[in-house]
Asks: 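This is the structure I want to talk about, given as structure tokens.
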Amino acid sequence: MLESRLEQADLLKKVVEAISGLVNDCNFDCNDSGIALQAMDNSHVALVSMMLKAEAFSPYRCDRNIALGINLSSLTKVLRAAQSSDILTLKAEDAPDVVNLVFESSEKDRISEYDLKLMDIDQEHLGIPETEYAASISMPSNEFQRICKDLMNISESVSIECTKEGVKFAAAGDIGTGSVTLKQHSNVDKPEQSVEIDLSEPVALSFSLKYLVNFTKATSLASKVKLSLSNEVPLLVEYELSGGNSSYLRFYLAPKIGD
Amino acid sequence: TPLQNDLGEFFYMA
């Protein structure tokens, strides 16, 4: 059986909010290392991959592999009943029909309990090859969100060009063009404001802004975001979850090609 | 406008 307790319901609320624009139904795959999720959007352009390690929970118990097939809009409805600071416990039997969610207020004076019906989801599982990316950029997550939203006013796609000079996000549309260039810089007092660029070779790729803006719904989960790029492979956009236990929310986006 | 690739061209079925 599964029994996992999260100190802050907020974490799951935000994860579900961040991915529900891309995916309707998906399996939460539970095993002794934690809860994982992988799903593609309907158009096969974007993929979300989440890992919540057992260490993100206290306690965490899962004896065998359990797939929880969940409709995300139904889960959103149930999670609306959880206050952000509530303690959230997820429970399921082996081969379950429902997942049980319990929300406790931190003052322990209220306990809410919900059972969410599960569904059978036959999900395609993709293998993601280990990639040595040519460029990786670590930057404030809110800055990335701002850039994507601003450039979406200009065009539906953005080119991301990374050289040793910096990283340039550029868009060209009917009304004109726009670009934002970030140079590497360290902020000692506020490290979350730093921009770090790790480059082995220059990269230039184009992506759909609609998807990138969708990914940035994860912004409130982490102060920083990491973009990893190589020519002619999908972009990886990564948010670290719940500090330092290597839990993550990753998005992959197929590049656009040709002109 | 550039054409949108499919993710399946990069990732294999596991």
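Letters go in sequence order (proteins before strands), and every chain restarts at 1. All values reported here derive from a predicted model rather than from experimental measurement.
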Asks: To the nearest 0.5 Å, how far apart are CD1 in A/I128 and OH in B/Y12?
Replies: 8.5 Å

Asks: Flag yes if more than 12 heavy atoms outside A/E196 fall under 6.0 Å of its CD atom; otherwise flag no.
Replies: yes

Asks: Closer than 3.5 angstrom, by distance alone: can the side chain of B/Q4 be matched with the main-chain N or O of A/A254 as a donor-acceptor pair?
Replies: yes

Asks: What part of A/Y252 gets within 4.5 angstrom of chain B, counting heavy atoms only: side chain, backbone, both, or neither?
Replies: both

Asks: Return yes when atom NZ of A/K224 has more than 12 non-hydrogen atoms of other residues, nucleotides or ligands closer than 6.0 Å, and no otherwise.
Replies: yes

Asks: Output the distance between atom CG (A/L47) and atom CZ (B/F10), rounded to the nearest 0.5 Å.
Replies: 12.5 Å

Asks: Minimum heavy-atom separation for A/L253 to B/L7, with atom names?
Replies: C-CD2, 4.3 Å

Asks: Which distance, rounded to the nearest 0.5 Å, do you find between the CE of A/M40 and the CG of B/D6?
Replies: 7.0 Å

Asks: Evaluate whether atom NZ of A/K168 has more than 12 neighbouring non-hydrogen atoms of other residues, nucleotides or ligands under 6.0 angstrom away.
Replies: no

Asks: Assess whether atom CD of B/E9 is packed by more than 12 heavy atoms of other residues, nucleotides or ligands within 6.0 Å.
Replies: yes

Asks: Tell me, do A/P234 and B/F11 make a side-chain contact under 4.5 Å, heavy atoms counted?
Replies: yes

Asks: With respect to chain B, which residue among A/S155, A/S208, A/A46 yields the maximal number of heavy-atom pairs within a distance under 4.5 Å?
Replies: A/A46

